[in-house]
Amino acid sequence: MRFIQTIIDQHQKKVQERNDACNDLISRIDDALRDAKSIFSAPQVFVDPHTETEWRSRNSGILSDSEAHKILRLKKAAKYKMLSEKQLELADIARSMSHQILQHNERAASMKVQAAYALIGDVEGRKLDQQQMTCIVKEAHNHLVIAGAGTGKTTTVVGKIKYLLKTAKCLPQDILVLSFTNASASEMNERISAETGYSIAASTFYKLGLNIISQVNGVMPRITQISLRKFVKEQLLLNMQSDTYLNLLSSYLLYNRVVAKSEFEFKSQKEYDEYLKLNPPTTVNNETVKSYGEMDIANFLMQNGIRYIYEHPYVIDTRTSEYGQYHPDFYLPDYKIYIEYFGINRNGEVPSYFKATNGMNATEAYRASMEWKRTTHREHQTTMIECYAYEKLEGNLLDSLKEKLEAASVSLVPKSSKELWTQVAAEGDSLLDGIIELFETLVNLIKSNGYNIATVRKLNHAGSNTQTNNILLSLLEPIFNAYCKYLADHKEIDFNDMINLASEYVRQGKYINPYKYVIVDEYQDISKARFTLLDCLRKSRDYELFCVGDDWQSIYRFAGSDIGFILNFSKYWGATEVSKIETTYRFSQKLIEISGGFIMQNPVQIKKSIRGKSEDFGFPLGEISGYTDKFAIEFMSKKLNDIPKGSSVFFIGRYSFDAKLLNDSGLFSCQYNNTSGFVDVKAKSRPDLNMVFLTAHKSKGLQADYVFIINNKKSRMGFPSKIQDAPILDLLLDNCDQYPHAEERRLFYVALTRAKKKAFIVTVNGQESEFAMELKERYGEDLKKEQFECPLCGGRLVKRSGPYGEFFGCSNYRTNGCNYKRKIR
């Protein structure tokens with residue numbers, strides 16, 4: 001009996017323990033649920049996104065202990081059903097809290113917006129739209145506002161400051177506004193003062209760094225006055241006087257004409273074909289070949305004075321009823337030697353997406369083809385040199401080819417450094433502009449990151465581009481070292497040094513942040529050094545952060561900017577409230593659709609639903625094409641005759657030397673304007689037009705009625721530029737720009753969206769750039785129709801007769817009075 005009683009007692013004890021554990025979990029879940037409910041208890045109070053992190057931290061124990069699989073052990077408890085229901089409720093809240101906070105804040109913003117309209121009134125003479133006001137009234141520790149082109153970013157910033165002051169959330173001295181140029185900071189100061197009547201600290205990052213250093217040291221540092229781009233150019237030309245350096249530079253350009261990827265890096269034939277289409281493997285002799293390995297082989301043969309013919313028919317007729325003539329990859333006519341480049345890895349395999357035939361898989365079919373070629377050469381006693389894709393992957397393709405050529409008694413006669421450079425730089429001195437911009441970018445990024453060349457070499461210890469990156473670092477090193485030495489010898493610092501030194505002083509506690517609210521305009525242009533300074537200031541003394549920017553317009557990588565800081569904002573700053581401003585006051589809805597569709601080909605860019613003006617001037621994109629540059633510019637000049645009197649016109653190029661296309665045509669005269677920094681353009685046929693040439697970079701923030709984007713050629717120095725996508729940039733950036741020509745695409749977007757009425761792409765037949773072809777493929781029919789549309793109102797052009805002959809006139813002349821006419825020549 002005692003034994004049975006013991007068993008009963010143990011069972012009852014176990015039941016009680018199970019019930020107690022169940023009740024304890026229910027109680028703890030109730031506490032967590034009440035905690036969650038309290039977050040949303042005040043309908044008009046904003047919930048900071050960071051609150052979710054804090055709630056999860058406070059309730060991490062119960063969130064873990066109440067997981068569905070863990071409570072199954074209590075299935076026999078008396079209140080298990082209640083526990084299960086509570087567990088589901090808690091799991092649902094944990095899963096949806098981010099969304100609940102978002103919804104709560106939207107409701108709270110709606111309540112506050114109307115009161116805010118009454119409180120601050122118009123801003124800079126107009127009533128702000130709903131999205132702008134929502135950005136202004138929201139309260140968050142970290143607030144990122146994504147704003148499209150022409151949506152009134154600066155006005156929103158001014159409105160935010162006005163609201164902070166009117167609600168007494170801040171005193172004027174509590175607010176710091178940061179911009180990126182002296183001009184924008186000065187304009188911000190004037191606009192804030194005019195709207196609020198207060199003087200707010202609005203400055204550049206550089207001025208902020210300068211103030212910090214001056215306060216700590218009691219004396220202003222010496223800021224260098226030299227132009228980095230000019231210095232890089234001078235040093236590059238100086239180093240190019242060395243045959244060794246010139247050879248290395250030529251070789252780099254020779255084997256890095258495009259960003260090359262291996263066939264094995266793709267998942268499908270379509271993906272590989274699309275990449276080749278965007279980055280065609282083109283030799284220095286301007287031949288488009290089938291692979292990057294073949295491109296290297298062709299360039300190596302040229303570099304070493306070996307004549308070759310690409311895909312020359314084999315000496316013997318190999319045609320059958322099933323197969324066509326055999327065309328080996330390369331034929332060396334002076335030696336009667338053939339070269340084949342086989343796309344296999346070390347295991348003799350090809351990518352799985354390669355074509356399978358005759359019941360064989362891709363690798364079996366490819367090996368059979370290789371064996372047939374070997375047999376053909378043996379039977380006809382011809383020499384075939386074999387090269388392999390794995391040799392390129394391993395970085396020894398050309399060394400191996402050299403050995404094989406020498407073994408076959410092929411004479412290698414390397415071109416002199418000057419001969420090689422002449423061939424490589426056949427596009428003219430403009431090639432140097434691309435190299436100078438790339439070197440300027442690298443110097444800025446290396447210094448912004450607080451690195452030196454040795455640090456970058458360590459980062460480059462492994463990877464598919466190690467060898468290429470090391471060559472580029474060898475070219476950059478003497479220029480980088482000369483720049484650092486110049487600064488040291490003259491006891492000067494540059495802007496990167498200034499910000500880095502200021503950050504160090506803040507980190508050491510020598511300067512304490514005095515601000516409660518920091519506002520950053522054009523946040524998409526932030527660099528690592530600028531981010532570090534902001535981060536150090538916040539760790540010194542916390543502040544509210546309000547950032548406004550447009551990731552679609554991040555185009556200043558050459559100055560050290562890193563788009564990763566806006567695309568991955570919360571990674572750097574923590575939980576973030578994200579808002580958008582999407583109504584533009586600059587251009588038409590149709591141009592928004594065209595430019596937005598273009599930029600969003602890159603999936604990492606932030607999606608926006610931009611809304612534009614209702615005015616319609618017809619299809620807002622046109623193409624002007626000619627058989628040569630000269631004809632394209634001539635046809636463009638004739639197009640000016642269709643433009644309304646007194647219109648403003650931008651000619652936008654990728655590089656400053658693109659202005660030569662205008663000046664050398666004889667149809668335009670170009671004069672640099674020292675005041676504006678742009679090139680004034682005049683045409684005898686249209687003296688009434690206000691025309692300027694400027695680069696895409698300089699066009700940002702500006703607008704004209706009509707825009708002509710020139711030099712849309714498929715070349716290293718066209719648009720997109722092929723020089724600026726060097727793989728070494730991946731070592732220095734947040735790795736967000738993996739999409740082909742990502743920054744160039746954003747730059748082209750900026751150029752397109754300068755047009756208030758219409759943008760034209762100027763092309764040369766058969767040499768259209770990737771961007772031009774993309775737009776033509778998507779809008780080809782509309783571009784054809786465009787020539788029959790009225791440039792004034794978008795109406796249909798019809799042929800009419802008058803006292804001076806036939807002309808095209810607008811069909812809307814009766815309905816809206818449009819009197820457009822174009823003489824038929």
Side-chain angles (χ1 to χ4, degrees), residues 255-277 279-283 287-301 308 310-312 314 318 322-332 337-380 382-408 410 462-468 727:
Y255 301 110
N256 295 276
R257 297 175 68 79
V258 293
V259 181
K261 285 190 176 182
S262 162
E263 299 91 325
F264 293 90
E265 294 183 54
F266 300 92
K267 296 176 183 176
S268 68
Q269 186 70 47
K270 182 183 178 184
E271 190 180 321
Y272 180 48
D273 290 343
E274 285 178 355
Y275 190 83
L276 289 180
K277 184 179 176 182
N279 301 273
T282 307
T283 71
E287 305 155 307
T288 299
V289 293
K290 295 193 298 292
S291 68
Y292 300 117
E294 289 183 0
M295 181 185 74
D296 286 355
I297 291 169
N299 289 340
F300 179 83
L301 296 173
Y308 70 86
Y310 183 63
E311 293 195 329
H312 188 65
Y314 184 58
T318 61
E322 189 175 355
Y323 297 105
Q325 175 64 27
Y326 171 36
H327 290 82
D329 293 332
F330 297 93
Y331 176 58
L332 311 186
I337 290 175
Y338 297 91
I339 300 174
E340 284 281 12
Y341 177 77
F342 293 128
I344 58 173
N345 63 17
R346 273 280 179 193
N347 298 322
E349 301 164 331
V350 297
S352 58
Y353 58 79
F354 271 28
K355 191 175 180 181
T357 55
N358 298 328
M360 296 181 285
N361 63 33
T363 292
E364 290 169 343
Y366 197 89
R367 285 176 179 169
S369 172
M370 287 173 62
E371 199 51 49
W372 178 85
K373 290 173 183 176
R374 288 166 177 160
T375 301
T376 299
H377 284 284
R378 277 198 304 270
E379 287 179 352
H380 300 290
T382 51
T383 302
M384 176 177 69
I385 290 175
E386 296 186 16
C387 300
Y388 310 100
Y390 64 77
E391 292 176 316
K392 178 164 175 59
L393 276 169
E394 295 167 7
N396 55 25
L397 170 64
L398 301 183
D399 289 338
S400 174
L401 175 60
K402 182 181 179 182
E403 290 178 11
K404 293 167 186 174
L405 289 170
E406 289 175 339
V410 175
S464 58
N465 296 302
T466 303
Q467 189 176 23
T468 298

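The analysis underlying the following values was restricted to heavy atoms, covering all of them including side chains, and did not include hydrogens, waters or symmetry mates. All values derive from a computational prediction rather than experimental measurement.
Salt-bridge annotation for E294 and K290: present, with a side-chain N of the basic residue lying under 4.0 Å from a carboxylate O of the acidic one.
Judged by distance alone, with hydrogens and angles left aside, the side-chain atoms of D329 form a donor-acceptor pair with the main-chain N or O of Y341 at under 3.5 Å. Without hydrogens or angle criteria, N347 side chain to E349 main chain gives no donor-acceptor distance under 3.5 Å. In terms of modelled atom types and a separation under 3.5 Å, the side chain of T283 and the main chain of M295 share no donor-acceptor contact. Between the side chain of E364 and the main chain of N361, a donor-acceptor pair closer than 3.5 Å is present. With Y310 contributing its side chain and T288 its backbone, the two residues share no donor-acceptor pair below 3.5 Å.
Contact of the L301 side chain with the I339 side chain is registered, since non-hydrogen atoms from C-beta on lie closer than 4.5 Å. Residues P328 and Y314 have side chains in contact (heavy-atom distance under 4.5 Å, counting atoms from C-beta outward). The closest side-chain heavy-atom distance from M370 to I344 is below 4.5 Å. Between V289 and I297, the closest side-chain pair of non-hydrogen atoms is not below 4.5 Å.
Across all their heavy atoms, S352 and A362 have their closest contact at O-CB, 4.0 Å. Here the closest heavy-atom approach between residue K392 and residue D296 is recorded as NZ-OD2, 2.7 Å. Heavy-atom minimum distance, F354 versus G343: CE2-O, 4.5 Å.
For Y326 and H380, the gap between ring centers reaches or exceeds 6.0 Å.
Legend: residues meeting ring-ring contact (aromatic ring centres under 6.0 Å, His included) with Y331, ordered by chain and number and at least two apart, are H312, Y338. The salt bridge (Lys or Arg N to Asp or Glu O under 4.0 Å) search around E371 returns R374, R378, not counting sequence neighbours.
Between F266 and Y272, the two ring planes are tilted [angle within 30° to 60°]. The aromatic rings of Y366 and F342 stand perpendicular to each other, their planes meeting at an angle above 60°, with 30° marking the opposite boundary.
In this structure, CD1 on I337 lies 12.5 Å from CE on M384, to the nearest 0.5 angstrom. To the nearest 0.5 Å, atoms CD (E271) and CD (E265) are separated by 10.0 Å.
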Decide yes or no on side-chain contact (heavy atoms from CB on, under 4.5 Å) for E263 and S291, but give the supporting numbers first.
CA-CA 8 Å; E263 299 91 325; S291 68; 3.9 Å; yes
Starting from the C-alpha separation in whole Å, work towards a yes-or-no answer on side-chain contact (heavy atoms from CB on, under 4.5 Å) for L332 and I385.
CA-CA 11 Å; L332 311 186; I385 290 175; 5.6 Å; no
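Y255 and T468 are not linked by any side-chain donor-acceptor pair at a separation below 3.5 angstrom, with hydrogens and angles left out of the test. Side-chain polar atoms of Y388 and E386 form a donor-acceptor pair below 3.5 angstrom.
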Name every donor-acceptor pair, under 3.5 Å, that has one atom in a side chain of residues 393-400 and the other anywhere in the protein, sequence neighbours excluded.
| from | atom 1 | to | atom 2 | distance (Å) |
| --- | --- | --- | --- | --- |
| E394 | OE1 | R346 | NH2 | 3.0 |
| E394 | OE2 | R346 | NE | 2.9 |
| S400 | OG | E391 | OE2 | 2.7 |
| S400 | OG | K404 | NZ | 3.2 |

